2 protein chains.
Amino acid sequence: MAVEPNRDVEAHVRRLWRHRGTTVPTPRRGPRQQLDLDEILRTGIAIADAEGLAAVSTRSIAARFDKSSMVIYPYVGTKENLLALMQDHASAMPSWDDPVTSLADALHAWAEALFEVYLSHPWLTERPWSQASQGPNEQDWLERLLRVLDTWAVPPSARPPAVTMLYATVRATAGTAAAYERMNQQGMAEWRERAEATMALIPDFRQRYPMTTGLEPVTARWKDAPRAGLAGAVHLLAVALSSAGP
Amino acid sequence: MAVEPNRDVEAHVRRLWRHRGTTVPTPRRGPRQQLDLDEILRTGIAIADAEGLAAVSTRSIAARFDKSSMVIYPYVGTKENLLALMQDHASAMPSWDDPVTSLADALHAWAEALFEVYLSHPWLTERPWSQASQGPNEQDWLERLLRVLDTWAVPPSARPPAVTMLYATVRATAGTAAAYERMNQQGMAEWRERAEATMALIPDFRQRYPMTTGLEPVTARWKDAPRAGLAGAVHLLAVALSSAGP
DNA sequence: CCATAGTCCTTGCAGTGTATAGTGTTTTTA
DNA sequence: TAAAAACACTATACACTGCAAGGACTATGG
């Protein structure tokens, strides 16, 4: 039997699924709403894209509508809910055809598509992700991935770990790609400086960390390193899943 | 030639490596310091462990020493630096013997050890990680992993993707494990409630997302699910790395 | 028709990081 | 040895945050 249906939670879920069969909270009595939830989310996302997630505040969003911060609350409930709604809203899944050539190709297509979304909205990497939660758009991604694994007869026991690895890897590589992107326009000076300072202060760094030192320097072709890393990782995973057998 | 050695960056690096050959800033003229950087970091970590990273503030730390917030700054520079120092300080690598039985076992030992560290300090998952940065303790982990890959003759081209996947997977699984842990003491009520609300509001959820629905429910044996997921993932990866051949 | 539930808006509070200025202490330099 | 510079500490202040509380207004349901 259902626990007393905590109104806030229900309202949040309604808002999350507002384009998939639910309507936002309920019979609206008061004055007509002057704002629109989708529009609020769009401007929140725009701010996050341009100035980072930290620049998203109830005030900064409301300011774009020449209103004060509290107008936002009737539309989203709390700041945390607002961020969750932005997260799902920004995660709309594009459409593509699953490659039928190999599992590796199909996984690659999925991963690349998700990578692209994360690149468009780098702040998504700062948001938590858990398999069980979230809204319809994030749900779409998971379902699609599971369908691919099913199509290629990946044994059920291997699916949860595969899902975890894929999501984790996409998020990680997208995160570093976004960090590189930011350096591009901000200077990369500090990054380099820190590395130099470390080398200067720890003269035997190369002896202490020979393996790390032996890695190809990140600076070389750094721009597409994350994407290449992702491709390599997906390839590895596909190999493992294929050889796991049915 | 070195750019003018930005004093703040250099000081931060010195602090990071203070136990590995550098000394904290240096010619100190003024009055003796009454606090100790390691002690500051310990209390910051204690607060983060107990109340979450959000509860860590210059004021909350200083209060434990009956001082006001600004005392912290001579020791750490900025809040961001403080967090970075806490991050490295909390990442001390334990010692263990590399299994010689198989690559899979060796990787598993590494991953489990790191997982354990993240479980002890769940807030570490909220901190960014990038291969090129950080302090000595985090460096140790990377070096150790690379040594394992080298020992087992994993081809150099496969190493960066493997590193990325391993770190990403450990962080992701540790993050969900920590989330479960939190639910334990906080109720898990909200989580369940949200799931129920979604099912109630989207009656055809199971038709729309058959694959997701088909997954074993997370609630069953949820406590060790993340650890098991990590083990499975590492196993998959080891299979791929082995069959990649030299 | 009126109570109610909703939006909109202002005010205010507790909390954040940190700039600044002042005071006292220690070490370095002249 | 005296002066000066660099530091630790303290208190105050500023700009910023999320949001509770409450007032004014408005559309709706009983």
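Because the structure is a prediction, the values reported are computed rather than measured.
- Atom-to-atom, CZ of B/Arg29 to C1' of C/dT23 comes out at 18 Å; the value is rounded to the nearest Å.
- Between B/Leu53 atom CG and C/dT16 atom P there is a gap of 13 Å when expressed in whole angstrom units.
- Side-chain N/O atoms of A/Arg32 include one lying less than 4.0 angstrom from OP1 or OP2 on D/dT28.
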Can you list, pair by pair, the side-chain donor-acceptor contacts under 3.5 Å of residues 39-57 of chain B, counting residues two or more places apart and other chains?
unit_1  : atom_1 : unit_2   : atom_2 : d
B/Thr43 : OG1    : B/Ile40  : O      : 3.2
B/Asp49 : OD1    : B/His121 : ND1    : 2.9
B/Asp49 : OD1    : B/Trp123 : NE1    : 2.7
B/Asp49 : OD2    : B/His121 : ND1    : 3.1
B/Ser57 : OG     : B/Arg59  : N      : 3.4
B/Ser57 : OG     : B/Ser60  : N      : 3.0
B/Ser57 : OG     : B/Ser60  : OG     : 3.3

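- The nearest whole Å value for the distance from the CD atom in B/Glu51 to the P atom in C/dG15 is 13 Å.
- Remark: P of D/dA27 and CD of A/Gln34 are 11 Å apart, rounded to the nearest angstrom.
- A/His19 and A/His89 have tilted rings, their planes meeting at an angle from 30° to 60° on a 0 to 90° scale.
- The CD1-P distance, from A/Ile40 to C/dT7, rounds to 11 Å in whole Å.
- Atoms CD1 (B/Ile72) and P (C/dT18) sit 12 Å apart, rounded to a whole Å.
- Ionic pairing of B/Asp140 and B/Arg20 is present here: one or more N-O contacts between side-chain nitrogen and carboxylate oxygen are shorter than 4.0 angstrom.
- In this entry the distance linking CZ of A/Phe65 with C1' of C/dT7 reads 15 Å, nearest Å.
- Between B/Phe115 and B/Trp110, the ring center distance fails the sub-6.0 Å criterion.
- One atom, CG of A/Leu35, and another, P of C/dC8, lie 6 Å apart when rounded to the nearest Å.
- A/Ser91 and A/Glu138 share no donor-acceptor pair across their side chains, judged by distance under 3.5 Å alone.
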*How does each nucleotide of nucleotides 12-22 of chain D score, in 5' to 3' order, for protein heavy atoms under 4.0 Å: base (B), sugar-phosphate only (S), or none (-)?*
-B---BBBBB-
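- Using modelled atom types, one side-chain atom of B/Gln87 and one backbone atom of B/Pro128 make a donor-acceptor pair closer than 3.5 Å.
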